[in-house]
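Inspection log for the structure reproduced underneath, given as structure tokens.
Please read all numbers here as calculations on a predicted model, not as lab measurements. Just follow the structure's listing: the first ligand is 1, and inside any ligand the first atom is 1.
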Amino acid sequence: MWPVALYAIFGLVVGSFLNVCIYRIPRGKFFSSARSYCPHCGHTLQWYELIPLFSFLGLRGRCRVCHERISVRYPLVEAGNALLWALCFVQYGFGWYSILLAVVFSLLLVIACIDLDIMEIPNGLSVALLIVGIAPFVASFFEGSGLPYALPWWGYLVGIVAASVPLFLLALLTRGGIGGGDIKLMAAIGLFAGWQLTLLGALLGLILGGVAGVVQLVACGRNKRAMMPLAPFLALGMIVSLLWGGQLLALIF
Ligand SMILES: [Zn+2]
């Protein structure tokens with residue numbers, strides 16, 4: 001029981017840091033040493049206002065000083081990251097793979113939120129995904145490396161192009177909807193996931209994004225339709241694929 005709780009607690013704490021990343025990276029002050037503050041009144045947050053999840057609940061979702069509402073996304077990112085980290089352990093047990101997978105999920109969470117906010121994926125985050133992806137590729141050369149999937153080394157390299165190239169062609173055909181950031185994202189995560197899970201994840205993401213697009217079209221009408229970011233759906237597709245893709249593929253074939 002305790003290891004899953006440990007993953008969840010670490011996930012919660014890291015989730016709090018992810019909120020900082022989501023706020024600061026698009027504003028170009030990631031490395032600023034300024035302490036976290038209320039975006040409404042500028043009041044510097046005290047330690048007891050920075051406890052993941054519990055501070056939000058304790059403050060009932062409002063700033064202690066100006067009583068302005070705090071975005072519900074802060075606790076959602078924290079709880080969501082805790083859940084994702086716990087799922088990594090439940091699926092793959094304690095080991096280097098589940099820890100790296102948790103890092104990948106956190107990066108995907110940050111990418112999804114930033115894409116929602118500014119319709120852009122910072123390149124640095126995709127590069128970070130690519131760097132994490134070197135580990136499974138290297139491990140694939142060794143017996144008993146702890147990789148959950150028995151994929152030869154080239155399966156990871158092919159992962160880089162498995163979804164990114166079809167997406168690139170699709171972007172040329174549709175002229176919109178799919179951006180360069182989405183393509184780079186799928187290339188980067190392809191090295192970590194290998195070609196099968198990357199294809200599956202991209203497919204799931206496109207289906208989810210397509211369904212959401214139709215729902216939005218019906219709800220808002222053609223003219224009022226806002227641009228919809230794709231990365232949150234690709235991220236969700238990849239998370240499902242990386243957690244349960246093995247079972248899903250076994251079920252299909
Ligand atoms: Zn405030």
Side-chain angles (χ1 to χ4, degrees), residues 4-88 102-129 132 179 181-182 185 208-209 212 215-216 219-220 224-236 238-239:
V4 71
L6 209 62
Y7 269 67
I9 291 167
F10 267 107
L12 203 59
V13 174
V14 170
S16 178
F17 171 67
L18 299 185
N19 276 319
V20 176
C21 296
I22 293 164
Y23 183 82
R24 288 190 179 180
I25 290 174
R27 291 168 174 81
K29 47 184 175 186
F30 181 62
F31 295 104
S32 128
S33 57
R35 297 196 43 195
S36 295
Y37 54 89
C38 166
H40 300 288
C41 67
H43 146 72
T44 303
L45 300 181
Q46 302 301 311
W47 65 270
Y48 52 85
E49 294 166 281
L50 288 165
I51 301 163
L53 212 52
F54 296 99
S55 290
F56 183 87
L57 296 175
L59 294 165
R60 296 195 185 143
R62 285 177 189 280
C63 169
R64 192 171 56 89
V65 173
C66 69
H67 304 292
E68 197 69 46
R69 265 187 196 289
I70 304 167
S71 167
V72 75
R73 198 169 76 183
Y74 289 101
L76 281 182
V77 164
E78 288 160 357
N81 197 59
L83 176 69
L84 287 175
W85 280 44
L87 283 172
C88 288
V103 171
V104 165
F105 285 176
S106 292
L107 282 168
L108 286 175
L109 196 55
V110 171
I111 287 171
C113 289
I114 290 181
D115 197 32
L116 271 173
D117 286 345
I118 62 167
M119 297 287 287
E120 233 178 80
I121 304 170
N123 281 330
L125 291 169
S126 291
V127 171
L129 273 178
V132 178
D182 301 318
L185 164 65
L208 287 170
V215 168
Q216 195 196 33
C220 306
K224 280 190 179 171
R225 227 175 124 201
M227 278 286 280
M228 205 169 52
L230 186 60
F233 300 103
L234 290 174
L236 189 57
M238 281 312 301
I239 287 168

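One distance of note links CG of Leu125 with CD1 of Ile111; it measures 5.0 Å at 0.5 Å rounding. If you take OH on Tyr74 and OG on Ser36, they are separated by 8.5 Å, rounding to the nearest 0.5 Å.
At distances below 3.5 Å, at least one donor-acceptor pair connects side-chain atoms of Arg35 with backbone N or O atoms of Leu45. Within the 3.5 Å criterion, the main-chain N or O of Leu230 finds no donor-acceptor partner in the side chain of Asp182. Although no hydrogens or angles enter the test, the distance criterion places a donor-acceptor pair under 3.5 Å between the side chain of Trp85 and the main chain of Ala102.
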* How far apart are the C-alpha atoms of Val65 and Cys38, what are their side-chain angles, what is the distance that settles it, and do they pass the side-chain contact (heavy atoms from CB on, under 4.5 Å) test? -> CA-CA 9 Å; Val65 173; Cys38 166; over 6 Å; no
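Listed by chain and residue number, the protein N/O/S atoms under 2.8 Å of the Zn ion (ligand 1) are Cys38 SG, Cys41 SG, Cys63 SG, Cys66 SG, with waters left out.
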